**Student:** 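Sending over a structure as structure tokens; questions will come in a sec.
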There are 2 protein chains.
Amino acid sequence: MNPINRVAIVGGIHGNELTGVYLIEKFQRFPERVKRSSFETLTLLGNPKAVEVNRRYIDKDLNRCFHNQDLHDPTSSNYEERRAKTIYQLLKPQGKSPVDLLVDLHSTTANMGLTIILGNNHPFNLQLAAYLSAINPLVRVYSYAQDSQKDACLRSICDLSFSIEVGSVAQGVIDADFFIKTEELIYAVLDYLEAYNQGKTLLSDRTFALYEYLGIIDYPRNQEGKIQAMIHPQLQGKDYEALHPGDPLFLSFDGQAIAYEGKSTVYPVFINEAAYYEKGIAMCLTQKQLIYVDPSESSNKVGGSAGMGKSNPKAD
Amino acid sequence: MNPINRVAIVGGIHGNELTGVYLIEKFQRFPERVKRSSFETLTLLGNPKAVEVNRRYIDKDLNRCFHNQDLHDPTSSNYEERRAKTIYQLLKPQGKSPVDLLVDLHSTTANMGLTIILGNNHPFNLQLAAYLSAINPLVRVYSYAQDSQKDACLRSICDLSFSIEVGSVAQGVIDADFFIKTEELIYAVLDYLEAYNQGKTLLSDRTFALYEYLGIIDYPRNQEGKIQAMIHPQLQGKDYEALHPGDPLFLSFDGQAIAYEGKSTVYPVFINEAAYYEKGIAMCLTQKQLIYVDPSESSNKVGGSAGMGKSNPKAD
């Protein structure tokens with residue numbers, strides 16, 4: 001694989017997720033903090049208009065506007081569709097070098113701790129995630145390796161890309177603890193990339209847990225789409241913990257528990273994320289996989305699946 | 001004092017505070033839950049349009065629209081100003097019996113637990129607050145006994161009134177635990193009022209902590225009004241805990257701690273409430289008072305300050 005020449009750090013794709021907004025502001029005030037000798041670092045505030053009014057978006061969720069077809073559709077006209085095209089041009093300018101690696105900063109009202117969300121299981125992404133989870137035991141790795149066009153997230157425009165999703169943090173709130181932890185994580189990413197460019201590897205072989213997306217569960221709703229139950233108190237805040245068949249999932253407003261009726265143990269994430277009510281998502285279910293990464297096998301040629309193997313998927 | 005004939009429970013004055021929104025919906029579906037034999041219970045969704053779009057308000061914070069002058073101003077024209085007049089007419093209809101007691105349901109991103117906010121220190125309000133804190137040790141009592149017209153909150157339209165403010169809960173999220181606890185608190189209020197009307201008293205004499213509003217502290221800002229620091233991690237979530245002179249208050253984005261420079265120990269509340277960023281409030285400061293309430297001294301005549309006395313205000 002080629003060296004990393006350009007890295008982009010994007011925050012505020014959602015205007016009310018302030019950790020990313022204020023980190024980008026900090027990096028723009030103190031650019032030396034994200035400067036490294038072997039690559040260029042771009043910092044970008046994703047949705048300035050939404051930041052101004054402290055909302056997730058103005059017309060449409062910007063993090064669903066990066067569908068390849070939409071990016072090349074001259075008729076798309078709402079604010080976020082236009083903004084997505086501007087961002088795409090900044091990160092992948094025609095005739096110039098595109099960004100090689102992209103970090104997108106988010107926060108969530110779910111108890112996701114410090115989550116790395118991979119949009120694909122590229123070995124380079126997995127090795128970087130393995131490294132981050134090795135240096136910080138609070139780091140969790142969630143893989144949403146669907147058809148990259150399906151959700152049309154920002155991270156889908158680069159193979160080497162991931163989101164940092166921290167929480168629980170309320171929308172419109174800056175939480176200093178998560179601000180500091182996210183900042184440290186970003187510096188660790190940049191140091192890792194610098195070492196990579198210099199032919200060093202910071203990662204020794206390692207096994208880490210990868211939580212792979214399986215599907216979603218919506219809230220129970222009535223015929224008009226109104227929510228009829230809430231996340232069960234026993235499940236609230238239990239992101240990344242095992243949910244077994246029969247465990248309580250929801251509690252109806254009149255006090256009836258509703259159990260998980262799946263056939264196997266799963267690991268829910270994004271439990272009770274505020275922005276997902278309107279998307280029909282009460283939580284995402286994942287399966288836990290143990291992933292073995294050995295960077296020495298692939299050195300700086302991380303192509304294919306060299307140096308990566310799945311171990312027993314049932315391991316807890 | 002006369003018996004209580006009409007009680008109003010209002011939720012969703014802020015459209016993205018869902019505990020109140022869904023409790024009102026529940027009470028309207030199951031009216032027998034809030035029905036008591038000796039008084040009428042009204043339930044009201046405060047700001048339906050804001051609920052629909054999951055925002056605090058459409059044009060203006062509805063909970064600042066109940067200034068007496070504005071309520072009688074025929075020219076006020078934005079959505080919340082009109083809505084405030086409608087609510088006022090419902091609760092205080094001309095020529096008919098007004099509501100005697102008002103409970104207003106809110107949630108906050110601050111770690112306020114189960115807070116009773118008194119808009120005035122009417123002995124009846126204090127006795128009710130004393131009772132609620134006696135039956136549930138999680139209950140805190142915050143007194144914002146300013147000029148009732150100053151903030152023009154809904155609760156200012158009734159002498160016998162209080163808000164229930166629960167948190168931390170993110171905006172746009174239903175937290176089952178707080179939903180259940182708020183519901184139980186409302187039933188306890190209704191049972192208390194029923195007993196009062198029947199000449200019984202549920203409260204024995206009791207001393208409880210009253211946190212009285214002193215003032216606010218804003219975030220450090222630059223000349224353009226932009227926030228330059230966040231709540232210090234050591235203060236985050238420490239609502240109702242003692243803040244001493246010299247204790248850390250804020251942490252600037254470049255890592256400098258900013259200390260509390262007041263001269264006496266105070267007890268901050270509403271620390272890092274999302275909706276208060278735009279109001280220039282990082283937290284409210286209170287002083288802790290111990291209040292002694294003896295209902296037997298005032299029986300059902302709670303006028304004046306009978307049965308209530310302040311003890312040492314410095315007591316912790």
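Proteins get letters first, then strands, A, B, ... in listed order; numbering begins at 1 in each. Every value quoted in this text rests on a predicted model; they were computed, and no experiment measured them.
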**Student:** Given the options B:Arg55, B:Gln236, B:Glu183, which has more heavy-atom pairs under 4.5 Å with chain A than any of the others?
**Tutor:**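 The candidate making the most pairs under 4.5 Å is B:Arg55.
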**Student:** Among side-chain atoms of B:Asp61 and B:His14, is any donor-acceptor pair under 3.5 angstrom?
**Tutor:**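 Yes, a side-chain donor-acceptor pair sits under 3.5 Å.
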**Student:** Side chain, backbone, both or neither: which part of A:Ile174 has a heavy atom under 4.5 Å from chain B?
**Tutor:**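 When you check distances to chain B, atoms from both the backbone and side chain of A:Ile174 fall under 4.5 Å.
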**Student:** Would you mind checking which part of A:Leu23 comes under 4.5 Å of any heavy atom in chain B, side chain (CB onward), backbone (N, CA, C, O), both or neither?
**Tutor:** neither
**Student:** Would you say B:Tyr277 and B:Asn272 are linked by a side-chain donor-acceptor pair, where the criterion is simply a distance under 3.5 Å?
**Tutor:**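 Yes, a side-chain donor-acceptor pair sits under 3.5 Å.
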**Student:** Name the region of A:Phe253, side chain, backbone, both or neither, that has any atom closer than 4.5 Å to a heavy atom of chain B.
**Tutor:** both
**Student:** Centre of B:Phe30's six-membered ring, under 6.0 Å away, within 45 degrees of the axis: is that where NZ or CZ of B:Arg33 sits?
**Tutor:**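 Checked: cation-pi criterion met.
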**Student:** Can you tell me if A:Glu194 and A:Ser37 form a side-chain donor-acceptor pair at under 3.5 Å?
**Tutor:**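 Result is yes, a qualifying pair exists.
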**Student:** At a heavy-atom separation under 4.5 Å, does A:Glu25 approach chain B through its side chain, its backbone, both, or neither?
**Tutor:**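 For A:Glu25, the side chain is the part near chain B, not the backbone.
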**Student:** Can you say whether A:Gln228 sits under 4.5 Å from chain B via the side chain, the backbone, both, or neither, judging by heavy atoms?
**Tutor:** side chain
**Student:** A:Gln171 versus chain B, heavy atoms under 4.5 Å apart: side chain, backbone, both or neither?
**Tutor:**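 A:Gln171 touches chain B through backbone and side-chain heavy atoms alike.
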**Student:** Give the member of B:Leu251, B:Asp177, B:Asp254 that has the highest number of heavy-atom pairs under 4.5 Å with chain A.
**Tutor:**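 Sorted descending by pairs with chain A, the first entry is B:Asp254.
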**Student:** Between A:Glu273 and A:Lys279, does a salt bridge (charged side-chain N to carboxylate O under 4.0 Å, His left out) hold up when you go through it step by step?
**Tutor:** CA-CA 10 Å; A:Glu273 158 56 36; A:Lys279 296 186 197 296; over 6 Å; no
**Student:** Tell me, side chain or backbone of A:Asn16 under 4.5 Å from chain B's heavy atoms, or both, or neither?
**Tutor:** neither
**Student:** For atom NZ of A:Lys60, decide whether the heavy atoms of other residues, nucleotides or ligands shown that lie under 6.0 angstrom number more than 12.
**Tutor:**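 Check passes, neighbour count above 12.
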**Student:** Can you confirm whether B:Glu165 sits close enough to B:His106 that some side-chain heavy atom of one is under 4.5 Å from a side-chain heavy atom of the other?
**Tutor:** yes
